[in-house]
Amino acid sequence: MNVLEVENLRKSFGGVKAVDSISFHVREGETVSIIGPNGAGKTTVFNLITGFYKLDEGSVLFRNREITGLSPFRLPRLGMGRTFQNMRLFGELTVFENLLSGMLRKNGYNIFSTLFRTNHYFETESKAEEKARELIDFFHLSGKEDYPANSLPYGEQRRLELARALSIEPNLLLIDEPGAGMNPKEIQDLIETIRAVKERFSLTLLIIEHQMGLVMSLSDRVIVMDFGEKIMEGLPDEVRKDTRVIEAYLGEEFTG
Amino acid sequence: MNFFIESRKILLLALLVYGALKVLFVFGLLSQYIEQITLFSFIMIIASLGLNVIYGYTGQFSLGHAAFYGIGAYTSAYLTKVFEIEGVIPFLPALLLSGLLTGCAGYVIGIPILKLRDDFLAIATLGFGTLFRVLLDNSDKFAEALGGSRGFVGIPRITNLELTLSVTVFLILITRNLIFSRYGLFWRSIKADELASVSIGIDTAKMKLMAFSYGCFLAGIGGGLYAHLYTFLHPSNFDILKSIDFLIIVIIGGMGSITGTIYAGLIWVGFIEGLRIVLPAEMLDLRWVIIPLLLILLMMWKPYGLITKRSR
Ligand SMILES: Nc1ncnc2c1ncn2[C@@H]1O[C@H](COP(=O)(O)OP(=O)(O)O)[C@@H](O)[C@H]1O
Ligand SMILES: [Mg+2]
């Protein structure tokens, strides 16, 4: 089954064609990566899929459901999680609260239970707390539960953002440049983490990444973008050898 | 039932406060004037808690809070006039109705303006506050009883210690339950990062509206109690300076702290009224030199408030 079907996406900003008739699909359980030089339009594709930007043209099907034009808060409720290229944590909230928010969004209680603190309220809260704790353990953040998110070191903040995206129990996770600002050792850890996450939460993944090492070792398929267009799609090995890809990356570091 | 079990400490404390104040008032150990400002400080706490929900917790800056306080005050005064209410018990439904109506007004006004961000929202709420002042000044043109720029006179004195204290405690508990629930968490998530909140499925427009209307509801209840404490309403009691009063309490108390707002409300009213006693009558306007100077110092010294910063 196709978890995601993207048809002919277009988006311009002023005169700039940021995304120009992009089509692709992602099958259940796959890991697909989008690569391409800076400004190629990768993040814009994410923002179009997740409804953060309005499309000029095209359509998006998520688990066989037309999601074009839905308010962006609807998509997480349907099972689409995402992270942001320039990390957006709830900085002044604690690590624990960063995860609890998504948990209680998914499995909550109504206003009556809130005001009168019914048993249902306490049960739901403690279930959410238990799940948040599991995520904290899984992402090796134990002991940091009560720290404000913005007080964590960079690497832990990135892990927390991934954990928060999982707090809504998504089927499809969109990750925007998870390896940004990481050294080779950290990238290696990140690859292991993403593998483990995918296995544990039975996810389908769509990843934007610059670090070719990460892309090559995780992806089932790779989509290459340049100047808003998809210039090719293929297996990691095919992409690596393709002359158009090497050209697009000319002048950029091409690691891996 | 959980509601009462959970809150027994606060209820016990409230009972002690009640006992102490009652003794002081009954034996005439405190003047009528002190009694009046004690009740007034509770009223300020209620309305400021409302602004704290809107601004301190949800991050929606409002310079129009006094207008909602005014809607509650004028509505309740109008209701007691029309229905000739004089006792506390028949006043309760009128007070509740004034609060709910103010909440609805907040909802309707919130729909367009909560789409705005930061400074634009500040300007829009300021605009609303100004408009409301003009409306009050001319209110006698569409409803004689409201009194226009002469003020609303002849309101029965209904607000007493029992009523004020029990309403204050009840609303503090309700507010606490909201703040510590998922709704409070969503509000704080929105304040921290709106886009990230959307990415975990929070309907930010709806949650901001909920916070705003609830905050306005609290302002409306405060206004209703105020009207029946001072028995006279004037448009100038509900202008931008009043909105800034609420803002000061929220900021001194530390944004996003219920206990902070409670202490700050008491301290602020005590301070303002204290100055009235200390300063000779002809120098009373000096208050508006002293207060801004203190605020500037406070912002330089402790920009996150004097009292606390913790919340959940
Ligand atoms: N919100 C926006 N407003 C204006 N231009 C934008 C916006 N978002 C992206 N762009 C432009 O679209 C192009 C693609 O950007 P982006 O999708 O961020 O690229 P990538 O993620 O591949 O580096 C760039 O030229 C960028 O300046
Ligand atoms: Mg990008």
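Because only heavy atoms are used, hydrogens play no part in the values below, and waters and symmetry mates are left out as well, while side chains stay in. Naming convention: chains lettered A, B, ... in sequence-line order (proteins, then strands); numbering from 1 in each chain.
The number of heavy-atom neighbours closer than 6.0 Å to CZ of A:Phe13, taken from other residues, nucleotides and ligands shown, is above 12. Applying the 6.0 Å contact sphere to OH of A:Tyr147 captures no more than 12 heavy atoms from other residues, nucleotides or ligands. The number of heavy-atom neighbours closer than 6.0 Å to CZ of A:Phe201, taken from other residues, nucleotides and ligands shown, is above 12. Around the NE2 atom of A:His140, the shell of radius 6.0 Å holds no more than 12 heavy atoms that belong to other residues, nucleotides or ligands.
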Can you list the steps and then say if B:Arg188 with A:Glu92 is a salt bridge (Lys or Arg N to Asp or Glu O under 4.0 Å)?
CA-CA 9 Å; B:Arg188 291 169 54 223; A:Glu92 44 202 89; over 6 Å; no
Side chain to side chain contact (heavy atoms under 4.5 Å, CB included) between A:Phe73 and B:Ser199, intermediate numbers included:
CA-CA 6 Å; A:Phe73 72 82; B:Ser199 83; over 6 Å; no
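By number of non-hydrogen pairs under 4.5 angstrom with chain B, the leading residue of A:Ile111, A:Leu75, A:Leu78 is A:Ile111. When the candidates A:Thr50, A:Thr83, A:Asn119 are compared by the number of heavy-atom contacts under 4.5 Å with chain B, A:Asn119 comes out ahead. Among the candidates A:Phe122, A:Phe90, A:Phe84, the residue making the largest number of heavy-atom pairs closer than 4.5 Å to chain B is A:Phe90. Ranked by heavy-atom pairs under 4.5 Å with chain A, the first of B:Thr204, B:Thr175, B:Leu178 is B:Leu178.
Residues A:Leu93 and B:Ala192 share a closest heavy-atom pair of CD1-CB, 4.3 Å. A:Tyr109 and B:Tyr183 get closest at one heavy-atom pair: O-OH, 3.2 Å. When all heavy atoms of A:Ser101 and B:Ser189 are compared, the closest pair comes out as OG-OG, 2.9 Å. Nearest heavy atom pair, residue B:Ile200 against residue A:Gly102, reads CD1-N, 3.7 Å. A:Leu115 and B:Asn177 make their closest contact through O-ND2, 2.8 Å (heavy atoms, listed as atom of the first residue, atom of the second, distance).
We find that A:Glu125 and B:Arg182 are not joined by a salt bridge, their nearest charged nitrogen and carboxylate oxygen being 4.0 Å or further apart.
For B:Ser197, the parts lying near chain A are the backbone and the side chain together; criterion is any non-hydrogen pair under 4.5 Å. Proximity to chain B involves both the backbone and the side chain of A:Arg164, based on heavy atoms less than 4.5 angstrom apart. For a residue to count as touching a neighbouring chain, one of its non-hydrogen atoms must lie under 4.5 Å from one of that chain's; by this rule A:Leu89 touches chain B with the backbone only. Contacts between A:Asn98 and chain B at a heavy-atom distance below 4.5 Å are absent for every atom of the residue. Heavy-atom distances place no part of B:Ile190 under 4.5 Å from chain A, backbone and side chain included. Interface remark: A:Thr114 contributes backbone and side-chain atoms alike to the contact with chain B (heavy atom separation under 4.5 Å).
For the atom pair B:Leu185 CG and A:Glu97 CD, the distance stands at 6.0 Å (nearest 0.5 Å).
The main-chain N or O of B:Ile202 is never found under 3.5 Å from a side-chain atom of A:Arg105 such that the two would form a donor-acceptor pair.
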